[in-house]
Structure formats: structure tokens, C-alpha cells
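We number each residue from 1, following the sequence as shown.
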Amino acid sequence: PISGDVVPEDEAVTFQATVADGEDPPSSLSLSWVSDIDGEFSTQGSDSAGAIYFQQAGLSRGSHTITGTVTDTDGLYTQAMVNLHINGAPTAPVVEVSPDPASTTDDLVATLTTASTDPDGDPISYSFVWLVDGVVSSASSLATLSASDTTRDETWTVEVTPTDGYTDGPSASDSVTIDNSVPEITDLAISPDPATASDTLVCSWTYTDADGD
């Protein structure tokens, strides 16, 4: 691995190296791979050309210093080190979109009803992706989606992904379909005002409809 690599705990770590010696062939050199947390975890040697390649699963969570030691037939040795962080990903949260049911006049709000937890105790942050009818929208990358971005009969889904700064955890989602909004009457008036018994009364008004009906 490259020094400073971060690897999720459920993935194997790939180790690669090349060894050579002025007197001994590579295949006669002995190798030891040691973690300062787990101790020696491999004695994987090289092929006839000096190339070493293997995968190792099951390393403990945490920041490891990995030391590779190669020793020749005279007992002389050299070492190389890399730093490696095995990270436990946060758990999936539980998210709800409100209100539900929702209409075109409602802002949509994604609320975490159950927060993620991190096995390493790392602080967790969340990213929000909104999709309309299954297509990613650029309308919002926050927990709130404005009513001005929604239209009747659309299905809006929010996907929430936790991260501990090293690894993303599994996402959670919730959806709501936008219902019809009722029209509103404004500026209702009766004229003339004041009126007499001989006047014809006229009702006038204006209206708006959030759905454009």
C-alpha cells in the first residue's frame, strides 16, 4: 500500500513490493510483515524475479505502521515501513421526508429519525442528494428542498449518505409524491360599497393556483 492509505475494514489490503540481494536469489530471501497493532500477519515471499504481491484481510481497525523485513541467508536484513488506516464505516441512518402528504406549496425537509453511528467514534457528517422521478436534481444539496422547485405529480426522493471523513457509509432514502394544491381566492370585494336597495351588487375577486391550473 501507499503510506497513509485508508482502507475500509471489510476490504482486503493489497501489498506489493520488490526485493533484491547482491549475492542471494530473491526466492531464498525470507520476508516478515508486521503490524504494530496485530503483530506478524504474513511471511509472504517473492517470486523468482523478486516481485511480491498478496492480499491481506482481517487487519484490526485503527492506524497501523506496517513493517516489511527482508533477510538474506547470512542473517543480514533491511526494512521498509508504510502507515495504513483500517477504518470502520458509519452505519446507515434512517431518514424521513416531511410533510407527507405534500403539495406544491410545501418545502420538503429531510429529517434523520435515527442518526448513524461510527465504530471508531469518529465524527459523522451527511451529504444530501435530491432526485426527481429517479433523476438527480441540482435544486438542493441540503436537507431542505424549496416548494418552488417542485411540481404536482412529481416523486421526490432524498438520499442521505454518512461519512466519517475516511469512508462513506451506506445511504438511506425516503420519497414523497407532490399532491395538488387547492386554489386561493384573494381581493374579494362587493361593489358598490356603500350600496342602496336600487343598486346591482357585483362580486369581484382574483385567484391564484400554485399548480398553474
Side-chain angles (χ1 to χ4, degrees), residues 1-16 33-42 44 53-68 81-104 106-151 153-179:
I2 297 172
S3 189
D5 277 355
V6 176
V7 180
E9 65 175 331
D10 57 354
E11 293 184 10
V13 182
T14 297
F15 289 89
Q16 291 178 273
W33 302 86
V34 176
S35 159
D36 62 338
I37 296 177
D38 293 332
E40 185 178 68
F41 58 87
S42 178
Q44 175 70 42
Y53 179 93
F54 69 97
Q55 292 185 316
Q56 180 69 34
L59 292 175
S60 300
R61 287 197 305 266
S63 296
H64 297 249
T65 297
I66 304 295
T67 303
M81 296 182 182
V82 292
N83 295 318
L84 179 68
H85 186 83
I86 305 297
N87 186 64
T91 61
V94 177
V95 60
E96 288 185 0
V97 176
S98 60
D100 187 8
S103 71
T104 43
D106 294 317
D107 292 340
L108 302 183
V109 179
T111 301
L112 298 179
T113 58
T114 301
S116 300
T117 59
D118 187 80
D120 307 305
D122 296 324
I124 298 172
S125 59
Y126 302 88
S127 61
F128 297 83
V129 175
W130 290 90
L131 302 90
V132 54
D133 296 331
V135 179
V136 174
S137 170
S138 60
S140 177
S141 59
L142 304 175
T144 300
L145 178 72
S146 173
S148 62
D149 294 313
T150 68
T151 301
D153 297 328
E154 291 176 339
T155 297
W156 281 88
T157 301
V158 65
E159 292 183 350
V160 183
T161 304
T163 182
D164 61 3
Y166 297 105
T167 308
D168 289 346
S171 300
S173 65
D174 191 32
S175 300
V176 66
T177 298
I178 306 302
D179 292 338

Those residues that, when tested against Thr114, pass side chain to side chain donor-acceptor pair (under 3.5 Å) (two or more places apart): none

side-chain contact (heavy atoms from CB on, under 4.5 Å) partners for Gln55, two or more places apart: Ala12, Thr14, Tyr53

Leu84/Val13 under side chain to side chain contact (heavy atoms under 4.5 Å, CB included): CA gap, chis, key distance, verdict: CA-CA 9 Å; Leu84 179 68; Val13 182; 3.8 Å; yes

Glu154 side, atom CD; Leu131 side, atom CG - distance, nearest 0.5 Å: 12.0 Å

Nearest non-hydrogen partners of His64 and Asp38, listed with the distance: CE1-OD2, 3.4 Å

Side chain to side chain, Asp36 and Val34, heavy atoms closer than 4.5 Å: no

Thr150 and Leu145, any side-chain heavy atoms less than 4.5 Å apart: yes

Side chain to side chain donor-acceptor pair (under 3.5 Å) contacts in which one or both residues fall within residues 161-173, not counting sequence neighbours: Asn87-Asp164, Asn87-Thr167, Thr161-Ser171, Thr163-Asp168

Atom pairs and distances, donor-acceptor, side-chain atoms in residues 89-100, under 3.5 Å, two or more places apart:
unit_1, atom_1, unit_2, atom_2, d
Thr91, OG1, Thr117, N, 3.0
Thr91, OG1, Thr117, OG1, 3.3

Validation row: Phe128, Glu159 side chains within 4.5 angstrom (heavy atoms): no

Considering all heavy atoms, the nearest Leu142-Ser140 contact: N-OG, 3.1 Å

From CA spacing to verdict: side-chain hydrogen bond (donor to acceptor under 3.5 Å, both in side chains), Ser103, Asp106: CA-CA 6 Å; Ser103 71; Asp106 294 317; 3.3 Å; yes

Side-chain (Ser35) to main-chain (Ile37) donor-acceptor, under 3.5 angstrom: yes

Atom pair CD1/CG of Ile178 and Asp153 - distance to nearest 0.5 Å: 9.5 Å

Stepwise side chain to side chain contact (heavy atoms under 4.5 Å, CB included) check, Val129 with Val136: CA-CA 7 Å; Val129 175; Val136 174; 4.0 Å; yes

Where at least one partner belongs to residues 118-136, residue pairs that pass side chain to side chain donor-acceptor pair (under 3.5 Å), sequence neighbours excluded: Arg61-Asp120

Distance, nearest 0.5 Å, that separates CG of Leu108 from CG of Asp149: 9.5 Å

Check against side chain to side chain contact (heavy atoms under 4.5 Å, CB included), Ser42 and Phe54: CA-CA 9 Å; Ser42 178; Phe54 69 97; 3.7 Å; yes

Partners passing side chain to side chain donor-acceptor pair (under 3.5 Å) against Thr151 (at least two apart in sequence or in another chain): none

Check: Trp33 and Gln44 side chains under 4.5 Å, non-hydrogen atoms: yes

Heavy-atom pair with the smallest gap, counting every atom of Asp107 and Ala147: OD1-N, 2.7 Å

